[in-house]
Structure formats: structure tokens, C-alpha cells
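Keep in mind that this is a model prediction, so the values were computed, not measured. The chains referred to below are lettered A, B, ... by the order of the sequence lines, with proteins before strands, and numbering in each begins at 1. Note that these values count all heavy atoms, side chains included, but never hydrogens, waters or copies made by symmetry.
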Amino acid sequence: MTETVNPAEVPQFPSARAARCPFDPPPVLHALQEQGPLAKVRVWDGTTPWLVTRYEEQRALLADPRVSADVTRPGYPRSAPVLSKDGSAISFILMDDPEHARLRRMVQAPFTVRRVETLRPAVQKIVDGLIDDMLAGPNPVDLVEAFALPVPSLVICELLGVPYADHEFFQDNSKILIRRDADPEERAAAFARLVEYLDDLVGRKLDHPGEDLLSRLAERIKAGELTRQEAARMGVLLLVAGHETTANMIALGTLALLEHPDQLDLLRRTDDPKLIAGAVEELLRYLNITHSGRRRVALEDIEIAGQVIRAGDGLILANDIGNRDPEAFPDPDRLDLRRDARRHVAFGFGVHQCLGQPLARMELQVAYGTLYRRVPTLRLATELERIPFKHDGQVYGVYELPVAW
Amino acid sequence: MKIVIDQDRCIASGQCVTAVGEVFDQRDEDGVVVLLDPTPPAELASAVRQAAAVCPALAIRVEE
């Protein structure tokens, strides 16, 4: 990484990746990390929050009670213009405790390690069925449409109680919602359509409850513990987060492996659950698709790494570059499926760490652990330069991945 | 080795269960950590330290 940053200049965030390094964070982040753990950056609205680039400082600040995730506080560095009409937080990921804990605890039950393990056979069946269909269909095919997107969409639909038949509707609106450059009104409209859709579904669960998570939320509404708007907004969060992130990991992970044939070979030749689980952790670390950073605001003055973060200062914790910190992960820019990467911050850190991580891990273990063994001749059906990357997404990935076998 | 957990801080990430299921479990109703063995045998010590290190809520304290 030869890029240097003039300390007198405040670099823009986010910034572009290097054209020939689609799996690496932008060079400016590497340069800033080399200079120190904290730097000021300029974001879309002209403000200059702190960017935290090193692993230890990121973990320390994300776990610090003097640091707030409350989007309504002055100084909070929003990643895009506000979505709700009244400026309120649209989900518990943008709130502090005790409100955050109250809402999050209502939806934690389906994501315990034990409950997630009970879903593994069903996920294996989904993955095998999609591979059967793919092998029986046209060759080449777009792996995003044929495999990466349907796997997590089918799973989260089943878990939430959302009809998969509506997948085009919610996938299209999710795409708009998480685009970094989408028109604010267009994003707000997509969000409103999703809330309306989930509100309607919650209404149906109130009358005809099932075994799914939306039905559990409907019970909470009846018990007076949750408002219908809170339930619908939680449903949107879980639906969008539940399929967009994992889908991007499956597709981008496959591309990264195709570009690292020795690593792909490890997965092709193994059914060892420990090796596969370790590979998932390393791909999460290396690709870190949540490339827009965790956003926070300081509640008090905080001394860290020789700097003082003032109360009211915004913080962006860039976990993509944190996971490439050489102090935490030796030779960090090398994809090494055998390394112990479990301490990565791809799911964040602190009380807001990803709710669905056990489910995401299991889905990725089944997907990576099956696809390359069943389709050992899988290859890219175009050049890397022609792959459309989601540079404009809140979540990184590929829009399409043409593959052949 | 002695383990102390803080159930109020726990956010049910389940990473302790994945690291060492002999020592940690989760409540069915909300995924909050349950300590199965507060004084685990020496052969589990390194896995327990790993569990404490990856706990995002810093809800596991290990006293050596």
C-alpha cells in the first residue's frame, strides 16, 4: 500500500478501493491506519467525525459505555440522510440501553446456538436443492440469483414467517434501502413500503399466529409490551439484515476463493466441520462486507491512544480495516483459511454485535461446505474486471457472479 | 480457574457456547448465558479464555 495521506488534509470517507484489489479495503484506510489509530475524516454531510482504524481501539470503543449508538444524539455520524419522518431511530441497532436491550431481547431466542443448530438440516436441504436446480439448468449461470440470494432469503422467510413468494418485492426494496448513493426520498419510500408490508404481515399474525418470530412479536403486542410500529420496524431490520449480508458473503466469498485456488482447494477436499468453520471466520475477517463502519457518538470526553475524543464527537469504527490490522492478525492481507480468525470484528463488537451471527455462520458453513465439493469444477465465467462490485452499497459484495462448471 | 458471568450484560451472541459448550449454555427464552461449570477442569482453560476474549459484551470474567 503505497498511498500516503497528507496529515493537513481531511480525507473523504468512504473512499474508493484500488481498482485491482476488490477484496481489500481502500488504500487510504491502510495509510491512515499506519499513521495512527484515529484520524478525522469528512463524510457526506460535510462533518468531520473520527475514523478509528486499529483493531484494539475499535474493540475498546465499541465496548465503552461512554460511547452511544443513539442516532438521535447531536454529533452522531449518520451514514445517509434520515429515513423516518420524525427523525426517530428506526430500529434498536440505533438506540442505547435500556431501550436497545428491551427490544433486542425479544428477538434473541431463535438465534441461540442450539436453536440455530436445529435448523442446519433444513438449510442443508435448501442448499442441496438449489445446487440440484443449478446443475440441471443453464450453464453458465449468475450465482447470485441461482444460489447466494435464495439461500438466506429462504431461511429468513421461514424463521420470520414471511412468504418467500414475495421475495422479489422485499429484495428489490432492500437493495434500494442499502445503497449508499440512493436518493434519500427513494430510500425513505422503499423503507416505508417495507414497513407497510411487515405491518400487514404482523396484523395477520395477530389473527392467525404460527410458530414463527413475527407471531412471537404479535404476542408481545397483545401483551402490551411492544407497539405495532416497533414490531414492523424490527421485522424490516431482520428481513433486510437476514438476507442481504449472508447473500453477499456467499457470492463475494466464492469469488475470493476462485481467485485463491489453493484456498478453494482446501474446502473442495474437506468435510471437516472445524476446518469449514475456521474458513468461514477467515472469510468474514478478510472480506468484512460491512464496509461503511460502525457509527457512534461520544457521551463524555474519552482519552484514547494519546488523543482526546470530546463529548459529542462522532465516531466511525471501520471494522474492515480493523480486521486488516497487522497487530491483531499477522500478514493480514493474506487470505489464509487455516488461521485462527475468530476474534475478528466483522460482526462488530460490544452490545450491538450482530444479532443473527450464529445463523449467518451456520448458513455460510453449509453453503461453503457444500457448493465447492458438489461442483468441483466451478469457475468464473467472465473476467474479474467485468464483475460489478457493490462499491455503492452499505454492504459490499457483487451484483452478479457469472459462473460455469 | 473460576468463571463469573454477568447475565445483565449478556447479549446472547452465543460465542461462548461455540467456544466451549461444556462450560456455557444459553437460556431458551432469550439466549442469555447460563454457566454450567464455574470451575472447569484445566484442559478447558484455553477454550474458556477464548470464550471470554470473544464475548462482545464483556460478560465473562475469568479468575485464574
Side-chain angles (χ1 to χ4, degrees), chain A residues 55-56 58-60 62-65 69 92-93 97-98 100-118 216 219-220 273-274 277-278 280-281 285 294 319 328 340-362 365, chain B:
Chain A
Y55 174 87
E56 281 304 334
Q58 288 181 1
R59 283 193 18 144
L62 285 169
D64 193 320
F92 59 78
I93 62 175
D97 288 343
H100 157 262
R102 178 180 75 87
L103 294 168
R104 177 170 167 137
R105 284 197 171 195
M106 289 184 194
V107 288
Q108 281 176 180
F111 300 102
T112 64
V113 173
R114 201 181 313 118
R115 285 276 292 278
V116 164
E117 275 309 310
T118 65
R216 298 287 83 76
E219 280 172 17
R220 300 273 188 172
K274 273 189 108 162
V280 167
E281 300 309 313
R285 179 197 74 84
R294 313 293 90 216
N319 43 339
D340 183 359
R342 285 177 294 176
R343 293 170 305 116
H344 67 72
V345 283
F347 290 117
F349 196 70
V351 296
H352 288 278
Q353 195 183 51
C354 176
L355 168 72
Q357 55 170 305
L359 180 64
R361 286 189 159 104
M362 185 270 284
Q365 287 162 9
Chain B
M1 171 180 273
K2 185 168 176 284
I3 304 169
V4 183
I5 56 164
D6 185 340
Q7 291 185 318
D8 291 335
R9 294 181 78 145
C10 175
I11 59 153
S13 83
Q15 295 199 77
C16 53
V17 181
T18 306
V20 52
E22 298 92 329
V23 176
F24 301 101
D25 197 1
Q26 289 175 283
R27 291 199 301 231
D28 279 334
E29 64 270 29
D30 58 8
V32 167
V33 63
V34 176
L35 188 56
L36 300 176
D37 184 355
T39 53
E43 63 265 28
L44 295 178
S46 109
V48 168
R49 279 185 215 108
Q50 166 81 16
V54 294
C55 174
L58 309 180
I60 301 169
R61 204 171 77 236
V62 178
E63 294 167 2
E64 301 284 348

Just grab all the salt bridge (charged side-chain N to carboxylate O under 4.0 Å, His left out) pairs involving residues 44-58 of chain B, residues at least two apart or on different chains. B:Arg49-B:Glu64
Chain A heavy atoms under 4.5 Å from B:Asp8: which part of the residue, side chain, backbone, both or neither? backbone
Contact origin within B:Gln26 toward chain A - heavy atom pairs under 4.5 Å: both
Shorter than 4.5 Å, heavy atoms on both sides: which option in A:Met106, A:His352, A:Arg361 has the most such pairs with chain B? A:Arg361
With rounding to the nearest 0.5 Å, note down the distance linking CD1 in B:Ile3 to CD in B:Glu63. 10.0 Å
Option that, when pairs with chain A are counted at under 4.5 Å, heavy atom only, ranks first among B:Gly21, B:Gly31, B:Ala53: B:Ala53
Region of A:Asp97 that comes under 4.5 Å of a non-hydrogen atom in chain B: neither
Non-hydrogen atoms of chain B under 4.5 Å away: do they reach the side chain of A:Gln353, the backbone, both or neither? both
salt_bridge(A:Arg115, A:Glu117) N-O dist < 4.0 Å: no
Which one wins on heavy-atom pair count under 4.5 Å against chain B: A:Arg59, A:Arg343, A:Arg104? A:Arg104
Which residues share a side chain to side chain contact (heavy atoms under 4.5 Å, CB included) with B:Asp28, sequence neighbours left out: A:Arg114
Roughly how far apart are A:Phe111 CZ and A:Cys354 SG, rounded to 0.5 Å? 8.5 Å
Point-to-point distance, once rounded to the nearest 0.5 Å, from CG of A:Asn319 to CG of A:Leu62: 8.0 Å
